[in-house]
Amino acid sequence: MGDSSLKAKLKEKIEAFRPRTTKLMKEQGKIVIDKVTIDQCIGGARDIRSLVTDISYLDPQEGIRFRKKTIPETFEALKEHNVAGCEMPTVESFFYFLLTGDIPTKAQADEVAADWRSRAEVPQYVIDVLRAMPRDSHPMTMLSTAVLCMQRDSQFAKRYGEGGLKKNDMWDPMYEDSMTLLARLPPIAAYIYRMKYQGDTFIPADAKLDWGGNFAHMIGQKKPYDDVARMYFIIHSDHESGNVSAHTTHLVASALSDAYYSFSAGLNGLAGPLHGLANQEVLGWIQNSMKKLNNQVPSKEQLKQFLWDTLNSGQVIPGYGHAVLRKTDPRYTAQNEFAKKHMPNDPLFQLVNMIYEVAPGVLTEHGKTKNPWPNVDAHSGVIQWHYGVREWDFYTVLFGVGRALGVLANIIWDRGLGYAIERPKSVTTEMLEKWAADGGRKLD
Ligand SMILES: CC(C)(COP(=O)(O)OP(=O)(O)OC[C@H]1O[C@@H](n2cnc3c(N)ncnc32)[C@H](O)[C@@H]1OP(=O)(O)O)[C@@H](O)C(=O)NCCC(=O)NCCS
């Protein structure tokens with residue numbers, strides 16, 4: 001395959017950027033930018049500045065910015081790429097932007113679409129592997145397995161194995177693998193959906209459709225769900241580097257594992273209930289609350305009681321709280337605005353809004369969480385449910401397909417900038433106790 005203009009642009013960008021990283025490492029490498037406390041050491045490395053990415057940045061107050069743009073600014077900047085008659089830009093145009101930081105022209109976005117289309121055929125062995133798995137396997141297990149088994153196709157592993165792949169050229173096969181993986185994710189996810197939940201019947205891809213639109217078509221959805229798919233994939237794409245799925249993908253890739261190994265590992269982290277699986281849990285929790293009240297939308301008092309019952313039983317309120325954010329997640333807001341426009345009378349949506357009025361107060365009174373406001377997962381499931389995607393355990397797969405855009409863009413840049421293998425230092429509890437008694441570790 002000849003090199004695309006995206007790849008040429010990326011090469012130019014990486015080469016222009018590389019001296020900045022080299023200078024920081026070589027000339028300014030010993031400058032101190034953070035300190036580490038015992039609670040950070042035991043408490044999940046929270047807030048320690050020890051990762052670098054220029055693809056997105058998460059501000060605790062305003063939420064995510066992709067390439068310095070907020071979510072509304074991103075949609076505004078890409079609006080020339082809105083699909084005809086739709087409110088959302090193509091995922092292809094967004095990926096170009098995420099990878100390069102530039103808004104693509106129509107021709108550049110079309111080229112990404114054509115490139116993905118040319119790579120989209122899912123190999124028969126992937127289908128065979130999926131079909132050999134117990135049908136009640138979690139769809140995230142299926143997705144992760146499908147990604148992992150494609151590792152045999154890795155260009156990166158092949159070129160590395162042949163020898164002579166120079167460090168500065170490693171981004172090239174990482175890009176190739178990432179593009180192939182991205183092209184195949186929607187048909188693989190759709191295959192899992194139709195095999196597991198739609199009687200093993202399939203809808204072939206439509207070459208006229210964009211990446212997001214095609215996914216909607218292949219799972220059997222009609223308008224405006226195509227826009228739901230585009231919006232989901234875009235808003236779930238990236239949340240800087242420290243979250244479990246992004247960090248895992250980056251960590252595994254730092255060992256020069258290829259994109260298939262790395263992303264499959266990232267998906268396994270996304271499948272955890274404190275991360276991506278929360279969006280499936282939110283819906284279960286909401287519907288449970290309605291069931292207990294004979295399927296009526298509860299009053300605020302009843303809802304308050306239900307929130308307290310959840311907390312008093314030792315559970316978290318799913319969809320609320322965040323490791324970094326301290327305000328309402330703009331990804332929640334983007335979905336809320338879409339729902340207000342397209343499904344204002346949906347009873348579950350009304351309940352989501354009521355929870356937003358009550359839960360922050362209850363969580364504040366409860367006094368544990370540092371952030372009583374909703375995150376992206378508080379809204380995701382309700383929109384899917386409205387449009388008839390009612391298989392909760394599939395929701396994390398949707399998150400995973402979107403998350404691929406960000407984490408793969410990151411590992412391409414990781415190789416472009418030659419980031420090192422990750423190897424933080426661990427200490428023993430005894431050492432911590434000693435340093436605590438000494439009032440801190442003596443730094444030389
Ligand atoms: C996202 C999450 C894992 C972040 O965890 P964190 O960084 O440790 O959050 P905090 O520092 O605010 O946690 C402090 C305490 O508040 C609790 N807390 C945080 N969010 C809570 C919630 N939604 N409901 C109840 N308690 C919560 C934590 O469990 C912790 O309690 P502990 O000291 O007994 O262990 C956490 O907020 C959570 O579990 N939320 C619900 C699940 C969810 O929505 N996940 C999707 C994230 S995008």
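Worth knowing before you read on, the calculation uses all heavy atoms, side chains too, and leaves out hydrogens, waters and symmetry mates. First listed ligand is number 1; within each ligand, the first listed atom is number 1.
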Inset, instruction - Determine whether the side chains of T369 and N371 contain a donor N or O and an acceptor N or O closer than 3.5 Å. - result: no

Legend entry - Neighbouring residues of ligand 1, heavy-atom cut-off under 4.0 Å: R46, L274, H275, A278, L311, V316, I317, P318, G319, Y320, G321, H322, A323, L363, K368, T369, K370, N375, D377

Legend entry - Lys/Arg N to Asp/Glu carboxylate O, E92 vs R117, below 4.0 Å: no

Inset, instruction - Taking atom types as modelled, find out whether T249 and S262 have a side-chain donor-acceptor pair closer than 3.5 angstrom. - result: no

Inset, instruction - Would you kindly say whether Y261 and S154 are connected by a side-chain donor-acceptor distance under 3.5 Å? - result: no

Inset, instruction - Indicate whether any N or O donor in one side chain lies under 3.5 Å from an N or O acceptor in the other, for D47 and Q40. - result: no

Inset, instruction - May I ask you to check whether over 12 heavy atoms, not counting those of F338, lie within 6.0 Å of atom CZ? - result: yes

